[in-house]
Amino acid sequence: MEVPELPEVETVANGVHDRIHGLTVEQVWTSNKPQTFKSPPQEIVETLTGARIDGVRRVGKTIVADLSRGGEKAQFLIHLGMTGRLLVSAPEVPHPPHTHAILALSNGQELRFVDARRFGRLSVSKESYGGPGTEPLTISPDAFVALFKGRRTPIKAALLNQSLLHGVGNIYADESLFRAGIRPKRHAGRLTRAELLRLRIALIEVLEHAISLGGSSVSDYVDADGVRGFFQLEHKVYTRTGEPCLVCATPIQKITVGGRSTHFCPVCQR
DNA sequence: AGGAACTCCTGATGGC
DNA sequence: TGCCATCAGGAGTTCC
């Protein structure tokens with residue numbers, strides 16, 4: 001799987017929701033890797049144990065499990081980082097390497113968090129989690145334009161800034177900039193209103209397209225044996241360095257912007 | 001306070 | 001074949 005961004009996280013959240021909503025957490029195990037746990041592991045165990053999972057959804061790149069226990073509400077927050085996976089498995093299925101949390105559920109199955117690279121994070125919250133920024137899929141045109149006003153940072157870096165829009169990562173930043181015809185290094189605050197409106201539409205279209213591809217594979221995503229497969233959006237620029245642009249055949253260039261590999265067409269993007 | 005650099009991690013990859 | 005260096009990247013931290 002690609003590094004999980006908004007569409008992938010939404011697909012995982014929906015798949016996990018279908019499998020575990022309405023179930024109760026009976027027992028919780030956590031690994032001893034401190035970096036994985038944003039809340040103290042003991043607090044995670046105490047909050048989850050005995051709680052009913054009312055539903056699972058996405059906020060930004062974070063998976064939110066809404067919990068209730070004796071009238072008390074709480075949330076279990078899962079950020080997949082780069083390599084995090086959520087698996088719903090039968091207990092007899094061997095634990096994959098790098099398993100960091102296991103929730104034993106009231107239907108006898110287990111929800112497992114597996115993360116090789118440990119950029120993922122688990123936490124619990126009693127406050128309602130709203131995410132660091134604004135949802136790109138529902139932001140109004142005026143609000144979108146206002147986000148970038150006065151910003152001297154490259155538009156690519158601004159797209160990756162989760163406190164502005166949350167959910168956009170490296171792939172969809174590059175892909176949306178290509179579709180909008182905007183160079184990644186352009187200063188965010190210097191883009192015209194028309195360019196920003198184009199970017200908003202391009203971003204929404206590319207995210208929704210990826211979600212629709214994921215939607216068709218939701219039922220296969222979380223499996224007793226783990227991940228069976230995942231959708232692959234056809235990239236127009238991402239990781240296509242040196243290959244011909246699909247519009248004008250100019251070789252796709254790769255540069256670094258905001259510390260991240262960035263791919264663009266020097267002719268189609270201005 | 002905004003912006004950029006640095007850091008955490010390990011699997012995959014490529015060179016020799 | 002095997003070893004080692006390099007790369008990938010989300011987001012928290014630190015520094016200017």
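In what follows, chains carry the letters A, B, and so on, assigned in the order in which the sequence lines appear, proteins first and then strands, with residues in each chain numbered from 1.
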Margin query: Which residues pass the ring pair (Phe, Tyr, Trp, His ring centres under 6.0 Å) test with A:Tyr238, not counting sequence neighbours?
Written below: A:His235, A:His263
Margin query: Among residues at least two apart in sequence or on other chains, which ones pass ring pair (Phe, Tyr, Trp, His ring centres under 6.0 Å) with A:His21?
Written below: A:His17
Notebook entry, point to check: Where along nucleotides 11-16 of chain C does protein come under 4.0 Å, by heavy atom, of base (B) or sugar-phosphate alone (S), with - for untouched nucleotides?
Noted result: BS----
Next item on the list: Provide the full list of ring pair (Phe, Tyr, Trp, His ring centres under 6.0 Å) pairs with a residue in residues 62-92 of chain A, sequence neighbours left out, each pair given once.
Entry: none
Notebook entry, point to check: Under the side-chain hydrogen bond (donor to acceptor under 3.5 Å, both in side chains) rule, what pairs show up with a residue in residues 59-78 of chain A, not counting sequence neighbours?
Noted result: A:Asp54-A:Ser68, A:Arg57-A:Asp66, A:Thr62-A:Tyr129, A:Asp66-A:Gln75
Checklist line | Non-neighbouring partners of A:Ala143 that pass side chain to side chain contact (heavy atoms under 4.5 Å, CB included), sequence neighbours left out | finding: A:Ile139, A:Ser140
Protein N or O to nucleotides 10-13 of chain B N or O, pairs below 3.5 Å:
residue : atom : partner  : partner atom : Å
B:dT10  : OP1  : A:Arg118 : NH2          : 2.5
B:dT10  : O2   : A:Arg117 : NE           : 2.9
B:dT10  : O2   : A:Arg117 : NH2          : 3.3
B:dG11  : OP1  : A:His98  : NE2          : 2.9

Checklist line | Between the first and last five pairs of the helix from B:dG2-C:dC16 to B:dC16-C:dG2, the angle of the axes, rounded to 10 degrees | finding: 40°
Margin query: Does anything in residues 150-166 of chain A form a salt bridge (charged side-chain N to carboxylate O under 4.0 Å, His left out)? List the pairs, not counting sequence neighbours.
Written below: A:Lys156-A:Asp174
Notebook entry, point to check: According to the salt bridge (charged side-chain N to carboxylate O under 4.0 Å, His left out) rule, which pairs have a member within residues 255-270 of chain A, sequence neighbours left out?
Noted result: none
What pairs of donor and acceptor atoms, side-chain ones from residues 25-35 of chain A against any protein atom, are under 3.5 angstrom apart with sequence neighbours left out?
residue : atom : partner  : partner atom : Å
A:Ser31 : OG   : A:Lys33  : N            : 3.4
A:Ser31 : OG   : A:His100 : ND1          : 3.0
A:Gln35 : NE2  : A:Arg118 : O            : 2.7

Check: In residues 122-158 of chain A, what residues come within less than 4.0 Å of DNA chain C, judged by heavy atoms?
Finding: none
